[in-house]
Number of protein chains: 4
Amino acid sequence: MTKFGFLGLGIMGSAMAANLVRAGFEVVVWNRNPEKCAPLVALGARQADSPRQVVEQCGVTFAMLADPAAAEAVCFAGGGVLEGLPPGHGYVDMSTVDAETSQKIGAAVLARGGRFLEAPVSGSKKPAEEGTLLILAAGDAGLFEEARPALDKMGKQSFYLGELGNGAQMKLVVNMVMGGMMAIFAEALALAEKGGLDPRQLLEVLAGGALANPMFKGKGSAMLAGDFTVNFPLKHMQKDLRLALRLGDEVAQPLFAAATANEAFKKARSLGLGEEDFSALFRAVKAD
Amino acid sequence: MTKFGFLGLGIMGSAMAANLVRAGFEVVVWNRNPEKCAPLVALGARQADSPRQVVEQCGVTFAMLADPAAAEAVCFAGGGVLEGLPPGHGYVDMSTVDAETSQKIGAAVLARGGRFLEAPVSGSKKPAEEGTLLILAAGDAGLFEEARPALDKMGKQSFYLGELGNGAQMKLVVNMVMGGMMAIFAEALALAEKGGLDPRQLLEVLAGGALANPMFKGKGSAMLAGDFTVNFPLKHMQKDLRLALRLGDEVAQPLFAAATANEAFKKARSLGLGEEDFSALFRAVKAD
Amino acid sequence: MTKFGFLGLGIMGSAMAANLVRAGFEVVVWNRNPEKCAPLVALGARQADSPRQVVEQCGVTFAMLADPAAAEAVCFAGGGVLEGLPPGHGYVDMSTVDAETSQKIGAAVLARGGRFLEAPVSGSKKPAEEGTLLILAAGDAGLFEEARPALDKMGKQSFYLGELGNGAQMKLVVNMVMGGMMAIFAEALALAEKGGLDPRQLLEVLAGGALANPMFKGKGSAMLAGDFTVNFPLKHMQKDLRLALRLGDEVAQPLFAAATANEAFKKARSLGLGEEDFSALFRAVKAD
Amino acid sequence: MTKFGFLGLGIMGSAMAANLVRAGFEVVVWNRNPEKCAPLVALGARQADSPRQVVEQCGVTFAMLADPAAAEAVCFAGGGVLEGLPPGHGYVDMSTVDAETSQKIGAAVLARGGRFLEAPVSGSKKPAEEGTLLILAAGDAGLFEEARPALDKMGKQSFYLGELGNGAQMKLVVNMVMGGMMAIFAEALALAEKGGLDPRQLLEVLAGGALANPMFKGKGSAMLAGDFTVNFPLKHMQKDLRLALRLGDEVAQPLFAAATANEAFKKARSLGLGEEDFSALFRAVKAD
């Protein structure tokens with residue numbers, strides 16, 4: 001059986017690695033702050049002292065780092081992945097990074113004789129714990145199949161999307177839909193309020209029909225209550241809209257609705273709501 | 001037990017009336033073309049020769065007519081509802097009509113000593129047959145309670161939304177959300193296609209996450225296949241967006257996303273897609 | 001020589017009538033408040049006691065009333081235009097009224113055997129005084145030619161735009177351009193300010209190039225100074241955008257830029273700026 | 001008297017340099033293809049064999065290169081500006097380049113002990129010939145004053161806009177206004193056509209009022225005639241809108257109108273109009 005490596009034990013990574021261990025896989029973990037390895041070791045994982053040590057003893061290694069800088073450091077720094085990469089090793093970066101970072105890491109892994117898969121996920125803490133993430137993989141198709149038994153324990157669905165870059169791109173397109181849906185949703189709630197309807201009834205009506213979706217259900221009541229506890233920061237939502245628009249620009253696809261949503265989120269940023277949850281768009285839409 | 005009247009046995013009305021009969025209610029039906037009464041009579045309904053005859057022998061009458069003109073005719077014409085309305089009779093108009101028509105009918109019913117409820121529905125043929133419509137009622141609250149046992153057989157949820165006009169208005173707001181969601185959905189599919197992603201995979205990814213909703217699921221594959229079989233005509237979707245924007249205008253609620261969606265549907269109309277399903281917006285978004 | 005009638009001596013009308021008198025025409029004036037006739041009489045006009053008396057003694061009568069209600073009253077009320085209209089009399093309504101009012105008055109004049117021209121103007125007090133209005137005439141072409149010598153004294157250019165309704169419609173389209181130009185202008189000033197440029201320099205640069213226009217020149221400095229003295233109320237600008245969009249809806253012409261400008265002005269209305277000058281859009285665009 | 005250098009004798013540069021020579025300045029010219037120097041020499045200029053030779057014998061040198069790559073090559077290549085730069089030499093780059101290129105060249109000039117001014121121009125061939133360009137200068141204020149006598153012969157107005165980068169930024173903001181005005185103008189012409197008005201009359205009405213501007217005047221008739229002879233390519237207009245939006249993103253200034261115009265130009269690009277004049281937006285707006 002393949003021995004799996006896992007680099008990065010933050011909120012997401014620790015939950016994902018735990019699901020691998022619980023599924024009976026042999027897992028070697030590493031984290032920059034080694035104390036976070038303890039719960040995984042208690043579950044049955046082994047701990048390594050560096051990313052290099054992890055890749056040296058595993059056939060496939062997963063990485064779930066906080067941001068592009070961390071994803072690069074784990075690869076390129078001393079004691080990093082590239083130093084120890086055995087020929088044919090499969091490196092699966094599940095961090096959310098931009099296309100450039102992904103290409104850079106992928107190229108370096110390939111240049112060292114390894115194989116590379118980008119596999120960003122859709123979903124946050126709870127789906128990570130429950131193993132119900134969506135996994136958007138792209139790059140080495142053989143590696144995808146090889147990693148699949150593990151991916152299937154971390155997510156409820158894994159997609160192989162073709163050439164490197166498609167994973168990140170798919171995530172952008174999905175987030176663009178999310179931004180557009182939030183924009184029209186916020187406007188509808190505001191219109192209901194101003195128009196003399198009970199916006200809570202609007203939520204119920206929406207919940208009962210063809211437009212019902214977990215996001216409306218999960219965010220609607222909190223929005224009406226003015227509760228914008230951060231789940232996905234508004235400024236990140238707007239950044240993803242901007243990147244999706246850039247993609248549209250490159251391929252000459254007009255995106256009127258996405259562009260309008262982007263400006264609405266920029267309006268919210270200009271009102272100081274960038275660090276709040278992206279549902280705080282509602283406050284900007286209502287502002288008068 | 002209340003005896004219920006039912007006026008209008010088109011696709012929607014015949015299914016709804018049938019659900020009442022099957023539930024064991026005593027139902028008196030009428031239709032302009034009397035032949036359509038036969039299946040209902042076969043189920044156990046009684047047939048009347050005019051709207052007047054229906055209201056004369058029932059405590060509460062439901063109407064489900066094709067359009068505002070039909071809804072008015074059934075009330076105001078010779079042999080119509082108003083001629084026979086007994087004092088205190090409850091008239092429940094479930095047709096989709098504009099606010100003015102609803103107000104006009106309501107006022108006439110009240111002037112004759114009756115009670116009035118507008119109760120447009122959300123959902124089409126299949127939910128009507130299965131009794132899973134959403135019913136958006138407004139007007140006489142007592143009548144709503146009295147009609148409820150019947151409403152509960154026709155719909156899976158009935159909402160009482162307050163003063164007359166709120167039913168129609170709620171429907172507009174819901175349809176505005178539908179239009180906005182379709183706009184961003186069509187853009188995302190077009191962007192995926194042009195950007196080198198497989199749009200069918202986008203559908204799968206959307207289906208697995210927090211944005212999953214029956215509309216995306218029901219329309220997505222057909223849209224990619226270029227199948228725009230009419231369920232809800234595009235020109236009606238655009239009309240509802242226009243009316244929702246008018247409502248926003250009246251209460252000074254800016255609606256950037258809805259306005260952009262409205263123009264996108266107008267673009268589709270200008271391309272001759274007004275009679276197709278509203279999902280044919282996809283063709284306009286892709287056009288190049 | 002034709003004797004001209006003039007009904008309505010408000011700010012605009014008194015200036016326009018004075019230009020006719022000064023040009024040597026024989027002019028008979030009437031105003032609801034007769035005291036306002038004095039300065040015209042001093043210039044050489046004759047005064048009548050009712051609209052009826054005016055039309056009875058003139059071949060062509062101009063009307064410049066404050067609003068649709070006044071325009072209708074002058075025609076339809078006792079002692080009004082219709083009571084005295086001689087066969088073949090030319091009635092030229094220069095008031096800014098909606099298409100419906102214009103049609104109604106025109107139809108009544110025709111039914112009485114008169115001829116009708118709608119001729120709304122573009123321009124306000126100063127151009128009225130200087131005789132430099134733009135006159136947007138539509139309806140009876142023969143009457144246009146007959147009235148031309150007088151129109152040429154009131155405006156610097158008179159356009160004959162074809163069938164009745166085209167005058168009002170042309171004015172809407174022009175105002176739509178005005179709204180769209182103000183929207184991008186306000187955004188540019190706000191962007192310059194936030195981006196560290198001197199917005200007064202932006203005004204100078206714009207004034208020197210291919211985009212230079214009297215509106216930017218006339219409004220720019222005041223906008224930067226926060227001076228929104230009413231010239232054309234913001235709520236009227238937004239109303240005209242709404243009507244232009246309705247026209248686009250009727251003929252299936254998508255108008256993304258106009259729709260966006262309309263929402264921006266609605267945003268300004270929602271911030272309580274409806275009664276200020278339409279250049280107060282700048283405050284809404286800057287709001288953060 | 002300062003001896004001026006001039007690098008780059010394309011359509012713009014040759015006209016600008018000629019204006020300097022005609023004004024009586026001593027001018028040393030260089031062009032990559034030396035044959036283009038002949039007309040200038042005929043006017044009285046001296047010719048040098050390299051950018052290095054130019055800066056070595058002049059106090060202030062102007063550059064007008066085709067694009068960022070050419071602007072960089074003239075500085076950094078062998079025989080380039082940097083090799084010969086005397087201490088205190090004033091280098092004025094009038095090419096239209098992005099902010100990064102401008103910063104890079106400016107930093108290199110300063111590092112070599114020179115002084116730097118960016119001075120992109122607004123206006124094309126004809127204003128260059130007539131000396132009526134708008135010059136948007138930023139960087140070294142002393143150099144601006146020193147260069148002014150020359151700038152005043154090339155342009156009708158020269159603006160000093162502060163710190164390096166502001167010249168390029170001002171140009172973006174102006175072009176954003178141009179894009180937004182073209183968007184609403186194209187919509188108005190299309191609406192007039194579809195609504196039964198004569199769009200040529202719309203042009204006349206606009207020409208007579210407060211919105212009159214050289215761009216509408218210069219482009220309108222050609223647009224109606226379907227003549228989109230390239231003056232400023234549509235794809236460049238869209239690029240500038242994109243860059244202006246990026247600037248708005250950086251400073252959190254929402255720009256709904258500019259974003260909508262940007263999508264409209266992207267729509268035009270998707271229809272294959274990118275290489276035509278930016279006024280070809282009209283074809284995209286009309287498309288149905």
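All values below were derived from every heavy atom in this structure, side-chain atoms included, with hydrogens, water molecules and symmetry-related copies excluded. Note on naming: letters A, B, ... go to the chains in the order of the sequence lines (proteins, then strands), and numbering restarts at 1 for each one.
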Peer 1: Please classify the contact between C/D198 and chain D as side chain, backbone, both or neither, with a heavy-atom cut-off of under 4.5 Å.
Peer 2: backbone
Peer 1: C/L202 versus chain D, heavy atoms under 4.5 Å apart: side chain, backbone, both or neither?
Peer 2: both
Peer 1: Would you mind telling me which of D/T132, D/L247, D/L161, D/L206 has the largest number of heavy-atom pairs within less than 4.5 Å of chain C?
Peer 2: D/L161
Peer 1: With a 4.5 Å heavy-atom cut-off (strictly below), which parts of residues 278-287 of chain C touch chain D? List them by number.
Peer 2: C/V285
Peer 1: Please classify the contact of C/F216 with chain D as side chain, backbone, both or neither, using a heavy-atom distance under 4.5 Å.
Peer 2: side chain
Peer 1: Relative to chain D, which segment of C/L134 carries a heavy atom at a distance below 4.5 Å: side chain, backbone, both, or neither?
Peer 2: side chain
Peer 1: As an exercise: rank C/G248, C/A183, C/G165, C/G195 by heavy-atom pairs under 4.5 Å with chain D and give me the winner.
Peer 2: C/G195
Peer 1: Of all of C/A192, C/A190, C/A244, which one pairs up most often with chain D through heavy atoms under 4.5 Å apart?
Peer 2: C/A190
Peer 1: Quick one: pull up CG in D/L211 and CG in C/N213 and give me the separation to the nearest 0.5 Å.
Peer 2: 6.5 Å
Peer 1: Sort D/L189 into side chain, backbone, both or neither according to what part of it lies under 4.5 angstrom from a heavy atom of chain C.
Peer 2: neither
Peer 1: What's the shortest heavy-atom distance between C/A210 and D/P214, and which atoms?
Peer 2: O-CD, 3.3 Å
Peer 1: Nearest 0.5 angstrom please: C/L191 CG to D/Q253 CD, how far?
Peer 2: 6.5 Å
Peer 1: Hey, which residues of residues 258-273 of chain C are touching chain D, say heavy atoms under 4.5 Å apart?
Peer 2: C/A258, C/T260
Peer 1: Check the pair D/F256, C/E187 against side-chain contact (heavy atoms from CB on, under 4.5 Å), reporting the backbone distance first and the verdict last.
Peer 2: CA-CA 8 Å; D/F256 286 96; C/E187 287 186 0; 3.9 Å; yes
Peer 1: With a 4.5 Å heavy-atom cut-off (strictly below), which parts of residues 145-158 of chain C touch chain D? List them by number.
Peer 2: C/K156, C/Q157
Peer 1: Checking the side chain of D/Q201 only, and the main-chain atoms of C/Y160 only, is there a donor and an acceptor separated by less than 3.5 Å?
Peer 2: yes
Peer 1: Specify which of C/A252, C/A188, C/G208 makes the most heavy-atom pairs with chain D at under 4.5 Å.
Peer 2: C/G208
Peer 1: Would you mind checking which part of C/E163 comes under 4.5 Å of any heavy atom in chain D, side chain (CB onward), backbone (N, CA, C, O), both or neither?
Peer 2: neither
Peer 1: Please report the interatomic distance CD(C/E250) to NZ(D/K194), rounded to the nearest 0.5 Å.
Peer 2: 13.0 Å
Peer 1: Can you check whether anything in residues 171-180 of chain C gets within less than 4.5 Å of chain D, heavy-atom wise, and list it by number?
Peer 2: C/V173, C/V174, C/M176, C/V177, C/M178, C/G180
